[in-house]
Structure formats: structure tokens, C-alpha cells
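Letters go in sequence order (proteins before strands), and every chain restarts at 1.
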Amino acid sequence: MESWGENGGLPLVRGDEGHMQEGAGGADGDGRKQDIGDILQQIMTITDQSLDEAQARKHALNCHRMKPALFNVLCEIKEKTVLSIRGAQEEEPPDAQLMRLDNMLLAEGVSGPEKGGGSAAAAAAAAASGGAGADNSAEHSDYRAKLSQIRQIYHTELEKYEQACNEFTTHVMNLLREQSRTRPISPKEIERMVSIIHRKFSSIQMQLKQSTCEAVMILRSRFLDARRKRRNFNKQATEILNEYFYSHLSNPYPSEEAKEELAKKCSITVSQVSNWFGNKRIRYKKNIGKFQEEANMYAAKTAVNAANVSSHGSQANSPSTPNSAGEKIQLPDFCYPNPLVDQDLC
DNA sequence: CCTTATGATTCTTG
DNA sequence: CAAGAATCATAAGG
């Protein structure tokens, strides 16, 4: 490894060590060796000559019949040295960090297909529009607008980088190809150079992705903060929730499945359903009188619904909803523990 | 403005 | 851990 000379098949390298004189003076009868020695001598001393002289010599050498062979050998040597220097670190695996960034950008809808395509928000909005929806879309629009702004910046920047990278690559490639006429450059070397350029540019791209991710995160947190601000559920959602509440007044504790169902119907989250029922129960219990009207209304409503349904089937009456029929105040089971209420209303 | 309604949060409790 | 209870913060209506 330390001495290329030992390497078989590379007689030129020995000459490279500098002892031309021996080779030339030896005159062993091998004309070709002499020839090569001459050439090398000319090359080695070219810098000592005057400019004109050197130019002429260069031209002569360039046209020499041995030039391609010499270049080939030099290329080979270069190849080997370069490989030995950093052959190991070649081909790093796809960066985990980069993949994470890519995934996030994709998930966030920044790098995905066109606007409104794959983003979770869009999907949620679409799902909502099936049920009640259209309420949070106003809230989303701001978020969506800013997101698409980020997206646009991201894409134009990315494109710019891409273009610059391509331009630079072709430029370097042309340069190297051009230079390969005057100095030994193997195609592999060009390839390597290209990959180096690509690496540099992709690291810039990564920075872009990183900062885009940060921007999205910031936007997201601000959006979530905005969502912290209380927004009333839309009419239909409260309708559905109230319907359930008053038709299960004796036991207004929806099961997990029921909550999920309600959440889906109202396009809110399960925990929002839980919150709603928590609030509703306590507030109902605290002041039943205030809710009487509402209770009667929903009772009538569910009764109508039941009637409509039973007109299809043959359900006479459902014991779970024996309500209404006037203004009788019923005290649900779940209110009993409070004696005050009992006293107040019974 | 002030009041009320209402969704969310926090703490307590069983 | 879920329900209850108190409380907070904002929306909505007068």
C-alpha cells in the first residue's frame, strides 16, 4: 500500500519515483521503456521551462500516442488512492433524521399531493362535513392558509435548490469532462464528484426541511392554543347530545361505545363528549327547574322519533323513554343523593 | 359593559 | 380511573 511501485503491472510508477536517469542511461535496448522515460522526464520538467516552451511541450505531449495509456494508468492510480482514502465512508444509509423530517412533512400535508389532499385536518373536515361540520372549517381556514403558505415557500425553495443542484452538477460535469482532456479524470471520479455535490445540496435541503418542520410545529402549537379557546358546539351536535341525555335521563352515563358513537355523530372527540355529559349532569342536577323546558322539548322530540320509528316496526312503547305526556317533573335516579333538590322539587 | 351559557380544566373522592 | 364539584375562560346575548 505504501509503494505503488511494488504493484504489478505499473512500470510507470517506478519512473515516477524519479530515477529517470538510470532508465534512460541504462539503454537496455528496450526502446519503449526509453520512450516512456522520456515522456515522463518531459512531464516532470515542464514546470521548469518557459511558458512558450512549456506550451509547446504540452501540446506535443497531448498529441503523443501514449497519452491515452498514460491517462488510463494515472486514472487507475487515482482511483486506488481515492478509494483507499475514503472508500469506507461511502454509501451512508438513508439518514434517519431526514426520514423523520420527510415523514412529518408528509403527514402534515406539506410535501404530500396537492392542497387539501392528505392532511389530517382535511380528512377530519371531510368527515365532519358528512355529519354536522362546517363549524370548525372557519377555524381551520386560518391554519390551512398558513400551512399552505409554508408549503408554497417550501416547494419553491426546494425547487430552487433542485435546480441549482442540477445546474451546478452539469456545470461541474462539463468542466471535468473538459478537463479530462488535459488531466487524468476517470468517469468514476466524476460520478463521485457528482455524489459529493448531491450530498452537499441535500444537506441544505435537510436544513430547509428542518426549518419547515419547525415552522409547522410553531403553527401547530399556536393552532392548538387557539383551539383551547372555547368554541360552542354546533347546533346539531348539542341536539344529538341533548337527545341522548334526555332519553337516558334516568341513567345519563353513556358507555364507551355510546360515547364513541356520539362523538362520531357530532364530529367531536370522545373526551369532549365526556366533558359535555359531565357538565350536563352536574348542571342539570344543580337546577332541574331551569332545564324542565328543555327536558320536555327533547322528550317530545324523542317521542316523535320513536313514533316515526314504530310506525315502521311494531314497537308499542319503550320503557326506557316513558317521558313527557305533559309537564310532570321527573327526578332522575342519578339526582337522588342530593337532598336539597329533593326538597326543592318534590 | 354585565350576565348567562358553555366547554375545558383541575382537584377531590370513592 | 371515572364521576362529581368547583373553577376558569370565553362565547353569546341583552
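Regarding A:Arg230, its CZ atom lies at a distance of 5 Å from the C1' atom of C:dT10, rounded to whole Å. Remark: P of B:dT6 and CZ of A:Phe233 are 11 Å apart, rounded to the nearest angstrom. Per the geometry, CD belonging to A:Glu256 stands 13 Å off C1' belonging to C:dA3, to the nearest Å. For the pair A:Asn234 CG and B:dG7 P, the interatomic distance rounds to 10 Å; values are reported in whole Å. As a whole-Å value, the separation of A:Asn232 CG from C:dG13 C1' is 12 Å. Between the CZ atom of A:Phe277 and the P atom of C:dA5 there is a distance of 17 Å, given to the nearest Å. As rounded to whole Å, 16 Å separates atom C1' of B:dT6 from atom CD of A:Glu239. Separating the CD atom of A:Glu294 from the C1' atom of B:dT6 is a distance of 12 Å, rounded to the nearest angstrom.
Within the 4.5 Å cutoff, side-chain heavy atoms of A:Tyr154 are placed close to those of A:Lys209. By the 4.5 Å heavy-atom criterion applied to side chains, A:Val73 and A:Ile77 are counted as neighbours. Residues A:Phe245 and A:Phe277 meet the side-chain proximity criterion, which asks for heavy atoms closer than 4.5 Å.
Comparing B:dT6, C:dG4, C:dA3 by their nearest atom to the side chain of A:Ile282 picks out C:dG4. Nearest to the side chain of A:Lys286, among C:dA6, C:dA3, C:dA11, sits C:dA6. Taking only side-chain atoms of A:Thr238, from C-beta outward, the nucleotide of C:dA3, B:dA5, B:dG7 with the closest atom is B:dG7.
One N or O donor and one acceptor, one from the side chain of A:Asn279 and one from the base of B:dA8, sit under 3.5 Å apart.
Residue A:Gln272 places none of its side-chain N or O atoms closer than 4.0 Å to OP1 or OP2 of B:dG7. Neither OP1 nor OP2 of B:dA5 sits under 4.0 Å from any side-chain N or O of A:Tyr284. Between A:Lys285 and the phosphate of C:dA5, there is a side-chain N or O to OP1/OP2 separation shorter than 4.0 Å. OP1 and OP2 of B:dT6 both lie 4.0 Å or more from every side-chain N or O belonging to A:Lys280. Close to B:dG7, at under 4.0 Å from its OP1 or OP2, lies no side-chain N or O of A:Asn275. For A:Lys235, no side-chain nitrogen or oxygen approaches OP1 or OP2 of B:dT6 to under 4.0 Å.
Applying the side chain to side chain donor-acceptor pair (under 3.5 Å) criterion to A:Thr269, with sequence neighbours excluded, gives A:Ser271, A:Gln272.
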Return a table of donor-acceptor pairs under 3.5 angstrom between the side chains of residues 167-177 of chain A and protein atoms on other chains or two or more places apart.
| unit_1 | atom_1 | unit_2 | atom_2 | d |
| --- | --- | --- | --- | --- |
| A:Thr169 | OG1 | A:Cys165 | O | 2.6 |
| A:Thr170 | OG1 | A:Asn166 | O | 3.1 |
| A:Thr170 | OG1 | A:Glu167 | O | 2.8 |
| A:Asn174 | ND2 | A:Thr170 | O | 3.3 |

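Heavy atoms of A:Tyr253 sit under 4.0 angstrom from primed sugar atoms or phosphate atoms, though from no base atom. Residue A:Arg283 is classed as a base contact, given a heavy-atom separation below 4.0 Å to a base.
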